[in-house]
Protein chains: 2
Amino acid sequence: MSNQKARVAILVSGGGTNLQAIIDRWHEGELPHAEPVLVVSNRKSAGGLQRAEKAGIRSEFLQKENFETNLIHLLESERIDIIVLAGFLKILSEDFVKRYPNRILNVHPSLIPSFCGDGFYGLKVHEAALNYGVKVSGATVHFVNEVTDGGQIIAQKAVDVLPDDTPETLQRRIMEQAEWILLPEAVERVAKDIVESGREGE
Amino acid sequence: MSNQKARVAILVSGGGTNLQAIIDRWHEGELPHAEPVLVVSNRKSAGGLQRAEKAGIRSEFLQKENFETNLIHLLESERIDIIVLAGFLKILSEDFVKRYPNRILNVHPSLIPSFCGDGFYGLKVHEAALNYGVKVSGATVHFVNEVTDGGQIIAQKAVDVLPDDTPETLQRRIMEQAEWILLPEAVERVAKDIVESGREGE
C-alpha cells in the first residue's frame, strides 16, 4: 500500500465518544499506522455521524433492512482493514464475524471474563459489578469472534470502583480512565501489525 | 476490651509470606486496632510457624484428626475476633464458616469473580488467567462464607500481566504488588470496625 496505513471503519449506535477518542488521538498523530476513513451507524440520529462529518470522515447511516449486505459492500468499496465497534449495539451475524477474523475490535466496559457475555451491555455491566461488590472494574478491548465477548483480549485497564458509585458514575469513569485510552492504542497496535506484515488492503 | 484491639488468628499451610506482611505492618504500627496473637498450621513444616515464633506470636500445629474441633478450642481460649486465611490450603467446613460470620478473611490471587471458585487455588489461578489471555489480574480479600470465594469483597487491587509471564512470575508479582499490601490493610479495616462497634471479644 502506498501510504502504509491500515484503513479503519468505526461502527457506532450512539453518541460516539469512543469514536471521538480515536479521532482525537489520530489528529494528535498518535495513530501513525491507522487512518479512520468510514463511520457507519445503524441509527440515523447517532451523534457519532456528526462527529465523523466534522472530522471529514465519510459517514453512512444504514437501515435495518439488508444491513450486513450493505455494510459489507461499504467495507469492500473502502478497502477497510480494521472494523471498530465503538458503542455499536447491534449484534453482528456469525457469518459476518467469520468473514473478518482478527479484524474486528470491540471495547467492553469490564475486565473480561468478569461481567461479560450475553445480557451484559451498557449500564447492565456496571449494575452487575456494583451488585457483586467488586472494588476494581475496568475495560477490555478484544477481537470479536462468534462468542459474545469471547475473542482474544488485546488490552485491559483497571479502574477503581468508589464507595458511592452508581452505574452511571462508574460507566463514566471507566470511559474516561480506560475506554478512551485503550481503544485508540489498540487500533494503532493492530494497524501496525497489519501494515508491518503487509496484510493491509487484503 | 481494655486495650481496644481485635485479637487476630492467622491460619497458614505454607511459607507464610502473607503472615509476614501482617507481622511487618503490625511492627511498623500500621495495624493500631489489631493484634496478631495466634498462628495455626495444618502442616508441621509450614514456614509460617517459624515466622510466628520469631515474632513472639503463639504458634500451633494441629493434626488432621479433629482439626476443626481443636481449632475452635484454640480460637475460643485465645478469644479470637478475626481469623485470617493466609495461604491456608485446607477447606473449612460449612459449620465452621457459619460459626464466624464476617470474621474470617481470605486472600485470593485474582480479581474475583474472575478465576475463582472450586478448583482455582495456587498456581492454577495464574495458569487459568494466562490461558485466558487477560492483561490485568490482581488479588481480592473477602469474607469467607459457605460458597468458595463467594463472600463479600473487602478489597481488590489490580496487577498488570506481562507478555512473558509464567504462572510463577505472575503469582510472585501479584503477591508483592497486591496480596502483601491488601491483606494487612483489610485486617486493620475489619479490626477497626469491630473495635469501634464494641463487638470485640464476643
Side-chain angles (χ1 to χ4, degrees), chain A residues 102 105-117 119-120 124-145 147-163 165 170 173-174 177-179 181-183 185-186 189-190 193, chain B residues 102 105-117 119-120 124-145 147-163 165 170 173-174 177-179 181-183 185-186 189-190 193:
Chain A
N102 297 329
L105 276 65
N106 184 44
V107 57
H108 182 82
S110 77
L111 293 175
I112 288 175
S114 291
F115 314 119
C116 67
F120 287 105
K124 287 180 192 291
V125 177
H126 307 293
E127 284 167 9
L130 292 175
N131 286 339
Y132 201 99
V134 295
K135 309 300 181 188
V136 173
S137 190
T140 301
V141 179
H142 62 92
F143 284 118
V144 173
N145 67 10
V147 179
T148 307
D149 299 328
Q152 188 198 326
I153 293 172
I154 301 167
Q156 294 185 298
K157 194 165 188 295
V159 173
D160 285 342
V161 177
L162 301 184
D165 261 331
L170 182 58
R173 188 173 332 103
I174 287 174
Q177 296 184 5
E179 295 179 50
I181 297 165
L182 280 185
L183 188 57
E185 286 178 358
R189 191 175 342 157
V190 173
D193 281 352
Chain B
N102 296 329
L105 276 65
N106 184 45
V107 57
H108 182 82
S110 77
L111 293 175
I112 289 175
S114 290
F115 313 119
C116 67
F120 286 105
K124 288 181 192 292
V125 177
H126 307 293
E127 284 167 8
L130 292 176
N131 286 339
Y132 201 99
V134 295
K135 310 299 182 188
V136 174
S137 190
T140 302
V141 178
H142 62 93
F143 284 118
V144 173
N145 66 10
V147 179
T148 307
D149 299 327
Q152 188 197 326
I153 293 172
I154 300 166
Q156 293 186 298
K157 195 165 187 296
V159 173
D160 285 342
V161 177
L162 302 184
D165 261 330
L170 182 57
R173 189 173 332 102
I174 287 174
Q177 296 184 4
E179 295 179 50
I181 297 164
L182 281 186
L183 188 58
E185 286 178 359
R189 193 176 339 159
V190 173
D193 282 353

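Since the model is a prediction, treat every value here as computed from it, not as a measurement. To find a chain, count down the sequence lines: A is the first, B the second, and so on, and within it residues start at 1.
The side-chain heavy atoms of B:Ile174 and B:Val125, taken from C-beta on, include no pair separated by under 4.5 Å. Between A:Ile112 and A:His108, some side-chain heavy-atom pair lies under the 4.5 Å cut-off. Between A:Val190 and A:Leu105, the closest side-chain pair of non-hydrogen atoms falls below 4.5 Å. For the pair B:Ile153/B:Gln156, a side-chain contact is recorded, criterion being any heavy-atom separation below 4.5 Å from C-beta on.
With hydrogens and angles disregarded, a donor-acceptor distance shorter than 3.5 Å links the side chain of B:Arg173 to the backbone of B:Asp160.
Legend: residues meeting side chain to side chain donor-acceptor pair (under 3.5 Å) with A:Arg189, ordered by chain and number and at least two apart, are absent.
Highest contact tally toward chain B, considering only A:Pro113, A:Ser114, A:Ala155, is held by A:Pro113 [criterion: heavy-atom pairs under 4.5 Å].
Of all residues in residues 134-142 of chain A, those placing a non-hydrogen atom less than 4.5 angstrom from a non-hydrogen atom of chain B are A:Val134, A:Lys135, A:Val136.
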